[in-house]
There are 2 protein chains.
Amino acid sequence: MGRWEPNSRARLEQAAHELYLDRGFDRTTVADIAARAGLTERTFFRYFADKREVLFGGSGLLHDLLVESVGAAPASTAPLAAVVTALEAVGDSLFADRRDGARRRQQVIDANIELQERELIKLASLAAAVAAALRRRGVPDPAAVLAAEAGIAIFRTAFGRWIAEDSRTDLAGHVRESLAELKAVTAGG
Amino acid sequence: MGRWEPNSRARLEQAAHELYLDRGFDRTTVADIAARAGLTERTFFRYFADKREVLFGGSGLLHDLLVESVGAAPASTAPLAAVVTALEAVGDSLFADRRDGARRRQQVIDANIELQERELIKLASLAAAVAAALRRRGVPDPAAVLAAEAGIAIFRTAFGRWIAEDSRTDLAGHVRESLAELKAVTAGG
DNA sequence: TACGTTGACGACAGTCACTGACATCGTCCT
DNA sequence: AGGACGATGTCAGTGACTGTCGTCAACGTA
């Protein structure tokens, strides 16, 4: 047995989520989080770059899976189709049984501007990574960026509706709907 | 004559821009800025909510003009067309003779992640305002958000290319090009 | 002219996020 | 046994941001 309780990182994450949810993000200090986890402030910052990052630990996984999935599409697939197919697959495999958790997380983020800033930059870096994956498929530059950006916009609106709903529809369905909406909008304008 | 030099806000803005540009954002303290402007740190925070906000003073103007311009389009205009037309008009009238300034500003922002976060949330709030303006025109909700989001994506890529170029093309031209690219991408995928 | 009010700023103390340097002590390896 | 290692604690520091109060010129008003 080690000198300390195991799973420090998970304990910090758990403590932070709980405190953010009931006190709100800006009324919980890092010292609070560390104390609840039975650790010190300094240790918190060894696991998380800053107070916000606790809520975005899963974004790396989404990032990797999305890039991989875009790269794996048949060579003949059109750029936006490759992105949307990747979103459907990854979204379902990653979020299928976690809607309540996602809802709570989003509730915390929606209540705080700094957290929204962090979320936006994560999404922007996701878009950049998808654009790079498209370029590797031979898609030239303005198109690659725009297809990636459009894909992320689709994902955002789809995710929002998936979270807002009570009925048991899947995320992928919302993604397909949002794609259709976007196509209608760009065709008409 | 007042008890102090006039134009405190402008002096702080000037000092901040100069320091951000040559030392970089994170190696200049608010005390530095205030001292160069002949003021105190406390006064800086009376004019700017935080250290980043100094670089985003003009965003309110862009916000208002864009919303007004979207609202002023003929009722028959399609959503995305209204947004893009507004972007062309406002972009030209607001940035026409300020490309060098915009370039320097962007250089500072691109060098610092916190500033990119702030820029992204400004753009997101711009998109939200445009979506609201579209809703006032009777555009239903998924379409309004997607058209606004698409418009902002168009603006971002257009602005990026406008800044990167040396030749004297106008911003509106880049906006039209980006729109065409997006249409091609969404039609194909 | 005297006097009260206001507005812009300074002074000061305090909180909190975040960092660097170093100490501590189980665990593991030889 | 003994030394290297890894996870954590301790401590001191910087800097962003806030609340509170004091100051003083300008301005209006009696």
Side-chain angles (χ1 to χ4, degrees), chain A residues 1-57 108-109 111-119 121-122, chain B residues 1-57 108-109 111-119 121-122:
Chain A
M1 185 175 73
R3 190 169 156 204
W4 294 278
E5 296 294 311
N7 305 323
S8 297
R9 186 192 182 94
R11 270 156 49 215
L12 287 166
E13 220 169 278
Q14 176 75 16
H17 286 166
E18 292 169 359
L19 290 173
Y20 290 172
L21 197 58
D22 76 58
R23 295 189 200 173
F25 175 80
D26 39 5
R27 280 189 304 186
T28 97
T29 69
V30 175
D32 289 338
I33 301 170
R36 175 180 280 233
L39 295 163
T40 64
E41 213 178 317
R42 192 65 184 87
T43 297
F44 176 92
F45 288 110
R46 289 204 175 91
Y47 285 102
F48 304 99
D50 59 56
K51 197 184 155 190
R52 293 178 276 170
E53 200 62 20
V54 199
L55 287 167
F56 298 90
V108 172
I109 293 178
N112 185 277
I113 293 197
E114 301 172 49
L115 291 174
Q116 293 164 36
E117 290 188 350
R118 178 55 53 85
E119 181 172 50
I121 210 161
K122 293 285 182 184
Chain B
M1 186 176 69
R3 191 171 156 202
W4 294 276
E5 296 293 312
N7 303 325
S8 296
R9 187 194 181 90
R11 273 154 49 213
L12 286 166
E13 219 169 277
Q14 176 75 17
H17 286 166
E18 291 168 2
L19 290 172
Y20 290 172
L21 196 59
D22 76 57
R23 295 188 201 172
F25 175 80
D26 40 4
R27 280 188 306 185
T28 97
T29 69
V30 174
D32 290 337
I33 300 171
R36 172 180 282 232
L39 294 164
T40 64
E41 212 177 320
R42 194 64 185 87
T43 297
F44 177 92
F45 287 111
R46 288 203 177 90
Y47 285 102
F48 304 100
D50 60 53
K51 198 183 155 191
R52 293 178 275 171
E53 200 61 20
V54 199
L55 289 168
F56 298 90
V108 172
I109 293 177
N112 185 277
I113 291 198
E114 301 173 50
L115 291 174
Q116 293 163 37
E117 288 188 349
R118 178 56 51 88
E119 182 171 48
I121 209 162
K122 293 286 182 183

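In what follows, every chain begins at residue 1, and chains take the letters A, B, ... in the order their sequences are listed.
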* Asked: Is the distance from OP1 or OP2 of D:dT8 to the nearest side-chain N or O of A:S8 less than 4.0 Å?
  -> yes
* To do: Specify the separation, in whole Å, of atom CD of B:E53 and atom P of D:dA16.
  => 16 Å
* Asked: In whole angstroms, how far is the C1' atom of D:dT10 from the CZ atom of A:R3?
  -> 12 Å
* **Pair A:E41 + A:K51, salt bridge at N-O below 4.0 Å** => no
* Using whole Å, report how far CD of A:E114 lies from C1' of D:dC17. => 11 Å
* For residues A:H17 and A:L55, report the shortest heavy-atom separation together with the two atoms involved. => CD2-CD2, 3.4 Å
* Structure fact -> Within residues 39-51 of chain A, those residues having any heavy atom closer than 4.0 Å to DNA chain D are A:L39, A:T40, A:R42, A:T43, A:R46, A:Y47
* Whole-Å gap separating C1' (D:dG6) and CZ (A:R9) -> 17 Å
* To do: Counting heavy atoms from C-beta on, name the nucleotide in C:dA8, D:dA16, D:dT8 closest to the side chain of B:W4.
  => C:dA8
* Looking only at heavy atoms, which two atoms of B:L115 and B:F56 are closest? And how far apart? -> O-CZ, 3.6 Å
* **Atom of A:D50, atom of A:F44 and distance for their closest heavy-atom approach** => O-CE2, 3.9 Å
* To do: Can you tell me the distance, in whole Å, between the CG atom of B:D32 and the P atom of D:dT14?
  => 14 Å
* For the student: nearest non-hydrogen atoms of A:R11 and A:L39, plus distance -> NH2-CG, 3.6 Å
* Structure fact -> Taken to the nearest whole Å, CZ/A:R118 to P/C:dA17 is 14 Å
* Asked: Starting at CZ of B:R52 and ending at P of D:dG15, how long is that distance when rounded to a whole Å?
  -> 18 Å
* **Distance in angstrom units between B:N112 CG and D:dA16 P, rounded** => 12 Å
* Asked: So, A:E119 and A:R52, do they make that salt bridge, N to O below 4.0 Å?
  -> no
